[in-house]
Amino acid sequence: MSEPTSAELSAAVIEQPPATKTDRERASIALVPATTSGMPPTAQTFFAVVNAAGGLVRGFGAVSALRLAVGTYQVVFSHDLTGSAYVGTIGLPGSVGASAPGEITVVGRAGIANGVFIQTYTSAGVLADRGFHLAILS
């Protein structure tokens, strides 16, 4: 039997299995109603734009940024971020231009409940100072 072609794969419809009554009940219990704008009333979003030197250029809920070492930063926010999602991307702090390529990692800051620990790298995986944009979904 031969492998399916890409056309056959893209034409195939994958259906989800039906949700069980138990699955629906559990999901309903955890449901937080959305506001008219689509976000639940308890949702919080924060952001920071940080330059390669570790300066906080702008943000919402961000109170400070600091370069700890080459390619290593911390950003502190005004709220406890424990249990939040951290999303980062390499980027220039302004509104025009093209950033040098690279990689970024983000995680909560050990010992600081309202902090985020960031490391930026070259595309080769070497720590390097890079500007970045950080979003916190809480």
Side-chain angles (χ1 to χ4, degrees):
M1 186 168 175
S2 64
E3 293 289 319
T5 67
S6 60
E8 291 170 329
L9 288 174
S10 63
V13 176
I14 310 253
E15 296 204 20
Q16 297 181 20
T20 66
K21 181 180 178 187
T22 302
D23 289 340
R24 288 191 304 273
E25 288 171 352
R26 286 183 184 156
S28 179
I29 291 169
L31 181 67
V32 175
T35 63
T36 55
S37 61
M39 296 291 289
T42 57
Q44 299 179 69
T45 302
F46 307 105
F47 77 90
V49 177
V50 177
N51 64 30
L56 178 62
V57 176
R58 62 184 176 279
F60 179 76
V63 295
S64 68
L66 177 65
R67 179 183 174 273
L68 302 171
V70 174
T72 305
Y73 306 87
Q74 83 175 19
V75 178
V76 174
F77 289 84
S78 58
H79 288 73
D80 184 335
L81 304 177
T82 306
S84 297
Y86 315 105
V87 181
T89 186
I90 300 293
L92 296 176
S95 58
V96 296
S99 175
E103 315 278 334
I104 187 169
T105 62
V106 295
V107 68
R109 181 76 165 109
I112 303 175
N114 56 330
V116 181
F117 182 77
I118 301 98
Q119 289 189 298
T120 59
Y121 302 84
T122 66
S123 292
V126 177
L127 281 167
D129 292 338
R130 297 278 192 267
F132 59 90
H133 296 232
L134 178 63
I136 308 299
L137 309 170
S138 194

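- The two residues T120 and A128 come nearest to each other via the heavy atoms OG1-O, 2.5 Å.
- The minimum heavy-atom distance linking A48 with A62 is given by the pair CB-CB, 3.9 Å.
- Atom CD1 of I118 sits about 4.0 Å away from atom CZ of F132, to the nearest 0.5 Å.
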Give the C-alpha distance, both sets of side-chain angles, the deciding distance and a yes or no for side chain to side chain contact (heavy atoms under 4.5 Å, CB included) between I112 and F117.
-> CA-CA 10 Å; I112 303 175; F117 182 77; over 6 Å; no
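- Using a 30° and 60° split on the angle between ring planes, F77 and F46 fall in the tilted class, from 30° to 60°.
- L134 and V76 are members of different hydrophobic clusters when ILVMFWY side chains are connected at heavy-atom separations under 4.5 Å.
- Between L66 atom CG and R109 atom CZ the span is 8.5 Å, to the nearest 0.5 Å.
- The two residues V49 and H133 come nearest to each other via the heavy atoms CG2-ND1, 3.6 Å.
- Grouping the Ile, Leu, Val, Met, Phe, Trp and Tyr side chains by contacts below 4.5 angstrom, directly or via other members, places L68 apart from V116.
- Of the possible polar contacts, none joining the Y73 side chain to the A53 backbone as a donor-acceptor pair under 3.5 Å is found.
- Remark: Q44 CD to L137 CG distance equals 11.0 Å, nearest 0.5 Å.
- In terms of heavy atoms, L56 sits closest to V63 at CD2-C, 4.0 Å.
- Taking all atoms of both residues into account, the shortest heavy-atom contact from V75 to A65 is CG2-CB, 4.1 Å.
- A donor-acceptor pair is defined here as one N or O able to donate and one able to accept, closer than 3.5 Å; such a pair exists between the side chain of Y86 and the backbone of L81.
- For the pair V106 and V87, the tightest heavy-atom approach, listed with the atom from each and the gap, is CG2-N, 4.2 Å.
- No donor-acceptor distance shorter than 3.5 angstrom exists from the side chain of D80 to the backbone of N114, with no hydrogens or angles considered.
- Under a hydrophobic clustering in which Ile, Leu, Val, Met, Phe, Trp and Tyr are joined whenever their side-chain heavy atoms come within less than 4.5 Å, directly or via other members, I136 and F60 fall into the same cluster.
- We find the OG-CZ distance between S95 and R58 to be 7.0 Å, quoted to the nearest 0.5 Å.
- The distance from atom OG1 of T72 to atom CG of L127, rounded to the nearest 0.5 Å, is 5.0 Å.
- Between the side chain of R130 and the backbone N or O of P101 there is at least one donor-acceptor pair closer than 3.5 Å.
- Judged purely by atom type and a 3.5 angstrom limit, R67 has no side-chain atom pairing as donor or acceptor with the backbone of N51.
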